[in-house]
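Read the structure below first, then the notes.
These values consider heavy atoms only, across backbone and side chains, with no hydrogens, waters or symmetry-generated copies. Since we're looking at a predicted model, the values are computed, not measured.
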Number of protein chains: 2
Amino acid sequence: MSKNISEHLKKNGIKPSLQRTKIYEYLIENKNHPTVDQIYNDLVKDIPTLSKTTVYNTFNLFMEKNIITIITIEENETRYDADTTFHGHFKCDECGEVYDFDIDDIQINKDILKDFQINERHLYFKGKCKDCLKK
Amino acid sequence: MSKNISEHLKKNGIKPSLQRTKIYEYLIENKNHPTVDQIYNDLVKDIPTLSKTTVYNTFNLFMEKNIITIITIEENETRYDADTTFHGHFKCDECGEVYDFDIDDIQINKDILKDFQINERHLYFKGKCKDCLKK
DNA sequence: AATATTAATTGTAATCATTACAAATTTAAA
DNA sequence: TTTAAATTTGTAATGATTACAATTAATATT
Ligand SMILES: [Mn+2]
Ligand SMILES: [Mn+2]
Ligand SMILES: [Zn+2]
Ligand SMILES: [Zn+2]
């Protein structure tokens with residue numbers, strides 16, 4: 001498991017240090033789109049010397065190397081996702097959970113973006129999740 | 001023109017002060033999705049006493065009353081839009097311009113969001129605009 | 001292996017957008 | 001006009017992110 005992660009980092013030009021490996025592993029295993037604080041607070045239990053700066057540095061490096069994507073649903077909270085395939089996010093206003101969903105197709109008016117080069121696409125919804133609606 | 005704006009604010013339960021009217025008018029006339037700084041710097045020419053806090057307060061009020069939407073494409077820059085109909089945004093990495101585009105249809109896997117209540121939908125693209133590609 | 005070089009991590013301070021808050025001003029009510 | 005309520009303003013506080021220099025770890029050279 002950890003072997004795969006090292007290999008994947010190497011393949012993308014990232015030297016797999018302990019911190020980088022653990023951070024990436026966390027993203028792969030917990031598909032909950034964590035914030036820097038969440039991941040720091042969880043990983044510092046494993047790596048007591050961990051610095052929040054390292055988490056920021058590592059995310060910025062992962063972004064440069066395009067192995068993660070950034071999720072900016074709320075103005076004040078940045079989340080990260082190891083799933084770089086195109087998919088949508090639903091954030092529940094009540095519990096704060098961020099769910100993934102599959103996108104089959106998006107049809108837009110091509111006239112406006114004719115001759116534009118599209119590099120990234122992001123789709124997200126907000127509302128109340130099933131569990132929170134039950135209450 | 002300004003009459004329409006006052007009426008529209010009143011209709012949505014907002015007392016149309018000078019500041020609020022000018023800010024909303026700006027959003028209507030300049031469809032460039034301004035940041036707080038942009039709008040403050042432009043409007044302070046007209047209203048020399050204007051405070052940036054007022055711009056923040058006003059946007060928050062407009063948000064509560066649902067007459068504007070917030071655009072969070074970049075982590076560090078919040079933009080605002082007086083067009084509350086569902087439409088997409090394209091941000092050019094090069095010049096920073098934010099373009100609108102029409103969305104005809106979005107097809108998603110309904111299984112996952114079954115029984116979820118969707119209140120907001122946001123779609124944005126990033127890349128290079130036609131003008132910047134020419135260079 | 002020991003030493004020198006380079007890269008990664010860490011802690012602290014700086015930055016910047018946004019909010020909190022209280023004082024000043026404006027508007028509406030009595 | 002006097003009083004009360006709402007709005008605006010300026011300044012201070014907050015919080016997330018970055019800058020930067022020092023420390024530690026990894027790699028290369030002798
Ligand atoms: Mn995701
Ligand atoms: Mn728009
Ligand atoms: Zn929920
Ligand atoms: Zn451009």
Side-chain angles (χ1 to χ4, degrees), chain A residues 2 5-6 9-10 12-26 33-65 67-80 91 96 98, chain B residues 2 5-6 9-10 12-26 33-65 67-80 91 96 98:
Chain A
S2 180
I5 286 169
S6 279
L9 293 181
K10 270 187 214 162
N12 287 89
I14 298 165
K15 204 174 294 179
S17 68
L18 172 69
Q19 289 85 344
R20 290 167 177 173
T21 308
K22 287 282 186 187
I23 290 172
Y24 192 70
E25 186 181 37
Y26 186 99
H33 315 92
T35 63
V36 164
D37 265 359
Q38 280 178 281
I39 208 165
Y40 169 78
N41 288 323
D42 279 359
L43 286 185
V44 79
K45 297 165 193 164
D46 268 317
I47 315 167
T49 62
L50 184 65
S51 162
K52 211 176 274 187
T53 301
T54 300
V55 182
Y56 278 107
N57 289 342
T58 303
F59 279 146
N60 287 337
L61 177 66
F62 287 177
M63 285 291 296
E64 278 169 36
K65 301 295 187 182
I67 66 165
I68 63 171
T69 48
I70 198 166
I71 302 175
T72 53
I73 296 179
E74 308 287 346
E75 323 84 80
N76 51 351
E77 89 177 4
T78 307
R79 292 163 172 271
Y80 298 89
K91 167 151 189 192
V98 175
Chain B
S2 180
I5 286 167
S6 279
L9 292 180
K10 271 187 213 165
N12 287 91
I14 298 164
K15 206 173 294 180
S17 68
L18 172 70
Q19 288 84 346
R20 289 168 179 173
T21 308
K22 287 282 188 188
I23 290 172
Y24 191 70
E25 188 181 35
Y26 186 98
H33 316 90
T35 64
V36 163
D37 264 359
Q38 279 178 282
I39 207 163
Y40 169 78
N41 288 323
D42 278 0
L43 285 187
V44 79
K45 296 166 192 162
D46 268 316
I47 315 168
T49 62
L50 184 65
S51 162
K52 210 176 273 185
T53 301
T54 299
V55 182
Y56 279 108
N57 289 341
T58 303
F59 278 147
N60 287 338
L61 177 66
F62 288 176
M63 285 291 294
E64 278 169 34
K65 301 295 185 180
I67 66 165
I68 64 171
T69 47
I70 197 166
I71 302 174
T72 53
I73 296 179
E74 308 287 346
E75 325 83 80
N76 51 351
E77 90 178 4
T78 307
R79 292 164 171 270
Y80 297 90
K91 169 154 189 189
V98 175

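C:dT26 atom C1' lies 14 Å from atom CD1 of B:Ile47, rounded to whole Å. Between the CD atom of B:Glu74 and the C1' atom of C:dT18 there is a distance of 18 Å, rounded to whole Å. Atom OH in B:Tyr80 sits about 12 Å away from atom P in C:dA17, given to the nearest Å. Rounded to whole Å, atom C1' of C:dT26 lies 15 Å from atom CG of B:Leu50. Residue B:Glu77 contributes atom CD, which lies 10 Å from atom P of C:dA17 at whole-angstrom precision. Per the geometry, NZ belonging to A:Lys52 stands 15 Å off C1' belonging to C:dA13, to the nearest Å. Rounded to an integer number of Å, the gap from CG of B:Asn76 to C1' of C:dT15 is 12 Å.
Only one option out of A:Thr54, A:Thr78, A:Ile70, A:Ile39 pairs with A:Phe59 in a side chain to side chain contact (heavy atoms under 4.5 Å, CB included); it is A:Ile39. The one candidate from A:Leu50, A:Asn60, A:Thr35 that meets the side chain to side chain contact (heavy atoms under 4.5 Å, CB included) condition with A:Val55 is A:Leu50.
Note that the first and last nucleotides of DNA chain D, 5' to 3', having any atom under 4.0 angstrom from a heavy atom of chain A are D:dA16 to D:dA19.
Using a 4.0 Å cut-off between charged nitrogen and carboxylate oxygen, A:Arg20 and A:Glu25 do not count as a salt-bridge pair. Contact check on B:Arg79 versus B:Glu74 returns no salt bridge, with no Lys/Arg side-chain nitrogen under 4.0 Å from an Asp/Glu carboxylate oxygen.
Ring geometry for B:Tyr24 against B:Phe62 counts as perpendicular: the plane angle is over 60°, on a 0 to 90° scale with 30° as the lower cut.
Taking OH from A:Tyr26 and CD from A:Gln38, the interatomic distance works out to 6.0 Å, rounded to the nearest 0.5 Å. To the nearest 0.5 angstrom, A:Ile23 atom CD1 is 12.0 Å from A:Ile5 atom CD1. Atom CD1 of B:Ile73 sits about 6.0 Å away from atom CD1 of B:Ile71, to the nearest 0.5 Å.
Looking at heavy-atom distances under 4.0 Å, B:Asn57 makes contact with a base.
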Can you pull every protein N or O that's under 3.5 Å from an N or O on nucleotides 5-8 of chain C?
| unit_1 | atom_1 | unit_2 | atom_2 | d |
| --- | --- | --- | --- | --- |
| C:dA8 | OP1 | A:Arg20 | NH1 | 3.2 |

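A close approach under 4.0 Å does occur between a side-chain nitrogen or oxygen of B:Tyr56 and OP1 or OP2 of C:dT18. Between B:Asn60 and C:dT19 there is a side-chain polar atom (N or O) within less than 4.0 angstrom of OP1 or OP2.
In this structure, B:Thr72 contributes its side chain and A:Glu75 its backbone to no donor-acceptor pair below 3.5 Å.
Axis orientation changes by 10° from one end of the helix from C:dA1-D:dT30 to C:dA30-D:dT1 to the other, with each end axis drawn from 5 pairs and the value rounded to 10°.
Side-chain contact between A:Thr49 and A:Val44 is absent, with no heavy-atom pair separated by less than 4.5 Å. A:Tyr80 has its side chain out of reach of A:Pro34: every pair of non-hydrogen atoms, C-beta onward, lies at least 4.5 Å apart.
Taking the nucleotide of DNA chain D with the nearest heavy atom to each of A:Val36 and B:Leu18, the more 5' of the two is matched to B:Leu18.
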